[in-house]
Undergrad: 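Dropping the structure in here first, questions after.
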Amino acid sequence: MTGIKEVLFTEEELAVKVDELAKRITEDYKDKNLLLLGILKGAVPFMADLMRKIDLELQYDFMDVSSYQGSTSSGEVRILKDISAPVEGKDILIVEDIIDTGITLSYLKNLLLHRGANSIEIVTMLSKPDRRLKDLDVKYNGYDIEDNFVVGYGMDFDERFRSLPYVAILDESVYK
């Protein structure tokens, strides 16, 4: 496909990783009141796959939260769509496609704890630990990756490439 430099993780590799994460989550949350909280828009494919593999009764909701303006983090977190229901007493598992600076998730964890959540953990398919600006405990991590611009499996560049069934490094000619 034009614009793709290299495929990092195939559709099959992602499916295996989702299965691994779902098994751990199923075991860890078997006696809890699980609420999956997907962060829009990027987490949608991952969350859809994950929730079908978690062998538990659960609830799910979405938030649209961002600290980005364009392609860089502003450091200021904005809630564009809030969670629909109260979180008191819920064991929340935030579902993210990729963790970069950690600014948004750090803010979100504090906000949800302040609102009365019982517990908050994070599951992400991808993490860029070298880019982290906030210390963040990520309990369930699919893959650590280097600092490349990645697309596919929900991740985009200017709303393009989200629907790719794999994760790929975007060719620099697309965004420079």
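All figures in this text were calculated on a predicted structure; none of them were measured in a lab.
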Undergrad: Measuring only between side-chain heavy atoms, which start at C-beta, is Asp147 closer than 4.5 Å to Asp130?
TA: no

Undergrad: Might you point out which heavy atoms bring Asn148 and Lys128 nearest each other, and give the distance in Å?
TA: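 Scanning both residues, the minimum pair turns out to be O-NZ, 2.7 Å.
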
Undergrad: Hey, are Arg24 and Glu27 close enough for a salt bridge, meaning a charged N less than 4.0 Å from a carboxylate O?
TA: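 Salt bridge: no.
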
Undergrad: Just how far is it from atom CE of Met125 to atom CG of Leu50, taken to the nearest 0.5 Å?
TA: 8.0 Å

Undergrad: Are Phe157 and Met155 connected, step by step, through hydrophobic side chains (Ile, Leu, Val, Met, Phe, Trp, Tyr) whose heavy atoms are closer than 4.5 Å?
TA: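 No, separate clusters.
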
Undergrad: List the steps, then state whether side-chain contact (heavy atoms from CB on, under 4.5 Å) holds for Val87 with Leu37.
TA: CA-CA 10 Å; Val87 299; Leu37 180 58; over 6 Å; no

Undergrad: With a sphere of 6.0 Å drawn around NZ of Lys139, does it hold more than 12 non-hydrogen atoms of other residues, nucleotides or ligands?
TA: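 More than 12 heavy atoms, drawn from other residues, nucleotides or ligands, come within 6.0 Å of this atom.
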
Undergrad: Rounded to the nearest 0.5 Å, what separates atom CZ in Arg132 from atom CD1 in Ile99?
TA: 5.5 Å

Undergrad: Tell me, with the steps shown, if Leu56 and Lys30 meet side-chain contact (heavy atoms from CB on, under 4.5 Å).
TA: CA-CA 7 Å; Leu56 298 171; Lys30 63 184 171 198; 4.2 Å; yes

Undergrad: Quick check on Asp135: does its CG atom have over 12 non-hydrogen neighbours (other residues, nucleotides or ligands) under 6.0 Å away?
TA: no

Undergrad: Do you know which two heavy atoms are closest between Phe9 and Tyr166, and how far apart they sit?
TA: O-CB, 3.2 Å

Undergrad: Around atom CD of Glu146, are there more than 12 heavy atoms of other residues, nucleotides or ligands at under 6.0 Å?
TA: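 12 or below, so no.
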
Undergrad: Does Val95 belong to the same Ile/Leu/Val/Met/Phe/Trp/Tyr cluster as Val167, with side-chain heavy atoms less than 4.5 Å apart forming each link?
TA: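 In one cluster: yes.
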
Undergrad: For Lys23, I'd like to know if atom NZ has over 12 heavy atoms of other residues, nucleotides or ligands within 6.0 Å.
TA: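 At most 12 heavy atoms, drawn from other residues, nucleotides or ligands, come within 6.0 Å of this atom.
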
Undergrad: Mind checking the CD1-CD1 spacing from Ile54 to Ile25? Nearest 0.5 Å is all I need.
TA: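 The CD1 atom of Ile25 is 4.5 Å from CD1 of Ile54, to the nearest 0.5 Å.
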
Undergrad: Take Asp61 and Lys90, measure what salt bridge (Lys or Arg N to Asp or Glu O under 4.0 Å) needs, and give me the verdict at the end.
TA: CA-CA 12 Å; Asp61 204 338; Lys90 300 282 186 190; over 6 Å; no

Undergrad: Specify the closest pair of heavy atoms between Lys53 and Ala22, including all atoms of both residues, with the distance to one decimal.
TA: CB-CB, 3.5 Å

Undergrad: Is atom OH of Tyr143 surrounded by more than 12 heavy atoms (other residues, nucleotides or ligands) closer than 6.0 Å?
TA: yes

Undergrad: Does this structure show an ion pair linking Asp49 with Arg52, if we count only N-O contacts that are shorter than 4.0 Å?
TA: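 Salt bridge between Asp49 and Arg52, a charged N being under 4.0 Å from a carboxylate O: yes.
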
Undergrad: Determine whether a donor-acceptor pair (N or O, by modelled atom type, separation under 3.5 Å) exists between the side chain of Arg162 and the backbone of Gly152.
TA: no

Undergrad: For the residue pair Lys109 and Asp137, what are the closest heavy atoms and their distance?
TA: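 Minimum heavy-atom contact is NZ-O, 4.0 Å.
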
Undergrad: Group every Ile, Leu, Val, Met, Phe, Trp and Tyr by side-chain heavy-atom contacts under 4.5 Å, then state whether Phe46 and Tyr140 land in the same group.
TA: yes

Undergrad: Roughly how far, to the nearest 0.5 Å, is the CD1 atom of Ile39 from the CD1 atom of Ile98?
TA: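 Going from CD1 on Ile98 over to CD1 on Ile39, the span is 14.5 Å.
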
Undergrad: Under a 4.5 Å side-chain heavy-atom rule over Ile, Leu, Val, Met, Phe, Trp and Tyr, are Ile83 and Tyr60 clustered together?
TA: no

Undergrad: Identify the heavy atoms of Arg115 and Ile79 that sit nearest to each other, and give their distance.
TA: NH2-CD1, 4.5 Å

Undergrad: To the nearest 0.5 Å, tell me how far Lys41 NZ sits from Asp64 CG.
TA: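 That separation rounds to 7.5 Å.
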
Undergrad: Please tabulate, for side-chain N and O atoms in residues 116-124, each donor-acceptor pair with protein atoms closer than 3.5 Å (sequence neighbours left out).
TA:
from: Asn118; atom 1: ND2; to: Asp91; atom 2: OD1; distance (Å): 2.7
from: Ser119; atom 1: OG; to: Asp91; atom 2: OD1; distance (Å): 2.7
from: Thr124; atom 1: OG1; to: Glu96; atom 2: O; distance (Å): 3.3
from: Thr124; atom 1: OG1; to: Asp97; atom 2: O; distance (Å): 3.4
from: Thr124; atom 1: OG1; to: Leu126; atom 2: N; distance (Å): 3.4
from: Thr124; atom 1: OG1; to: Leu126; atom 2: O; distance (Å): 2.8

Undergrad: With hydrophobic residues grouped by side-chain heavy-atom distances under 4.5 Å, do Val138 and Leu35 end up in a single group?
TA: yes

Undergrad: Considering only distance and modelled atom types, tabulate donor-acceptor pairs under 3.5 Å from the side chains of residues 169-176, sequence neighbours left out.
TA:
from: Asp171; atom 1: OD1; to: Ser173; atom 2: N; distance (Å): 2.9
from: Asp171; atom 1: OD1; to: Ser173; atom 2: OG; distance (Å): 2.6

Undergrad: So does Asp82 have more than 12 non-hydrogen atoms from other groups sitting under 6.0 Å from CG?
TA: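 Enclosed.
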
Undergrad: Could you list the residues that satisfy side chain to side chain contact (heavy atoms under 4.5 Å, CB included) with Glu88, not counting sequence neighbours?
TA: Pro86

Undergrad: So, for Asp156 and Glu159, which heavy atoms are closest and what is the spacing to 0.1 Å?
TA: OD2-N, 2.7 Å

Undergrad: Rounded at 0.5 Å granularity, tell me how far CG in Leu111 sits from CG in Leu105.
TA: 12.0 Å

